[in-house]
Novice: 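Structure incoming, see below.
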Amino acid sequence: MADEIVVKEQCHGKARVRVARVWRGDGKDHEFVEWTISIILSSDCIPAYSAGDNSSIVATDSIKNTVYALAKLCHQPVSIETFGIKLASHFLDTYKEVTGACVSLVQNNWERVSIDGIPHQHGFKLGSQKRTAEITISRDKSSVDVVSGFTDLSLLKTTKSGFEGFIRDKFTLLPEVRERLLASTVTAKWRYARKPSCYTGTYDKVTRTLFETFFGPSKSGVYSPSVQNTLYLMAQEVLRRFDVPEVSSIELNMPNLHFLPVNMPTVGVKVLFFDHDVYLPTSEPHGSIQACLARKTLTSKL
Ligand SMILES: O=c1[nH]c(=O)c2[nH]c(=O)[nH]c2[nH]1
């Protein structure tokens with residue numbers, strides 16, 4: 001007899017729902033956000049797959065509409081973490097069929113502009129760093145899991161970086177250097193030991209800490225012996241700077257974006273030798289370096 005074929009796993013939702021929200025108080029500065037939101041619901045929809053019975057499906061179109069409805073019902077500006085929790089909770093509270101909800105949110109970095117040093121009432125410009133959040137709520141565990149972070153933070157320093165002492169063999173061409181350019185586009189994700197008093201406050205503090213540790217003091221900087229060590233010091237400083245352990249673990253992904261020395265010895269003109277001045281910027285291939293740091297006493301799922 002042939003084996004019975006079963007649906008092992010299934011889920012459904014809506015990906016990349018884009019929404020923008022303006023809050024305009026009487027005479028106050030306008031607040032503006034632009035989000036891209038993906039939602040995945042867990043529920044027993046196996047009859048829909050195996051028997052064409054859709055009676056347990058929340059239509060993905062309704063899932064999308066819920067994003068717009070809840071955005072409208074947020075009468076005050078909210079963080080993506082708070083909005084994601086509202087959204088995930090809504091699906092569990094509204095549909096008895098839903099056993100879990102996972103919401104991923106990405107916020108475009110629209111920053112208020114200043115004209116003549118005065119913050120503009122309703123003018124914004126787009127920065128590259130994108131704030132992110134992933135919210136998972138499960139009915140069984142009645143737990144809310146929040147991971148915050150960002151993508152696309154591009155950082156570069158023109159000195160105080162080198163790379164020496166690595167394994168050398170017959171395929172090694174890379175010279176050992178104590179002077180090079182260091183550039184990366186950082187992605188960060190962190191998990192909370194407890195609910196912070198303000199997600200945005202924590203976001204600002206983590207971002208500032210990573211920034212300051214990557215660069216070091218304004219005049220003197222700080223020497224980086226590798227992307228690995230700089231990543232470690234950045235993540236370690238985030239875990240250290242929160243007195244009461246608010247962030248329990250942090251994962252950083254830091255591609256090493258290579259700027260190759262431009263050297264033209266064949267021209268025979270002395271001025272064309274590389275003197276840490278002319279580089280060929282590259283985007284690929286790039287070094288791929290990532291790690292997750294956590295306090296030893298706390299277990300982390302990251
Ligand atoms: O900081 C670095 N880490 C590496 O692992 C590595 N590998 C490499 O070729 N250059 C670098 N630089």
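In what follows, residues are counted from 1 in the order of the sequence shown. Just the heavy atoms: all of them, side chains too, but no hydrogens, waters or symmetry mates, feed the values below. Everything numeric in this text was worked out from a predicted model, so none of it was measured. Both counts, for ligands and for their atoms, begin at 1 and track the order of listing.
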Novice: What are the atoms of ligand 1, with element, lying closer than 4.0 Å to any heavy atom of Ser226?
Specialist: 1 (O)
Novice: For atom 9 (O) of ligand 1, what is the closest protein heavy atom, and at what distance to 0.1 Å?
Specialist: Leu174 CD2, 3.4 Å
Novice: Between the side chains of Glu34 and Lys130, is the shortest nitrogen-to-carboxylate-oxygen separation below 4.0 Å, so that they form an ion pair?
Specialist: no
Novice: With a 4.0 Å heavy-atom cut-off (strictly under), which part of Arg180 contacts ligand 1: side chain, backbone, both or neither?
Specialist: side chain
Novice: Which residue and non-hydrogen atom of the protein lie closest to atom 4 (C) of ligand 1, and at what distance in Å?
Specialist: Phe163 CZ, 3.3 Å
Novice: Do the side-chain N and O atoms of Tyr203 and Ser79 include a donor-acceptor pair separated by under 3.5 angstrom?
Specialist: no
Novice: Checking side-chain polar atoms at under 3.5 Å, does Ser161 have a donor or acceptor matched by the opposite partner on Arg180?
Specialist: yes
Novice: When you look at Ser154 and Thr185, which way does the side chain to side chain donor-acceptor pair (under 3.5 Å) test go after all the steps?
Specialist: CA-CA 4 Å; Ser154 293; Thr185 299; 3.0 Å; yes
Novice: What atoms of ligand 1 come closer than 4.0 angstrom to any heavy atom of Asn256?
Specialist: 2 (C), 10 (N), 11 (C), 12 (N)
Novice: Test of understanding: with salt bridge (charged side-chain N to carboxylate O under 4.0 Å, His left out), list the residues that count as partners of Arg139, not counting sequence neighbours.
Specialist: none
Novice: Using a 3.5 Å cut-off on N or O atoms only, is Gln228 in polar contact with ligand 1?
Specialist: yes
Novice: Under 3.5 Å, is there a donor-acceptor pair between the Ser55 and Asp53 side chains?
Specialist: yes
Novice: Is there a polar contact, in the sense of an N or O pair closer than 3.5 Å, between Val227 and ligand 1?
Specialist: yes
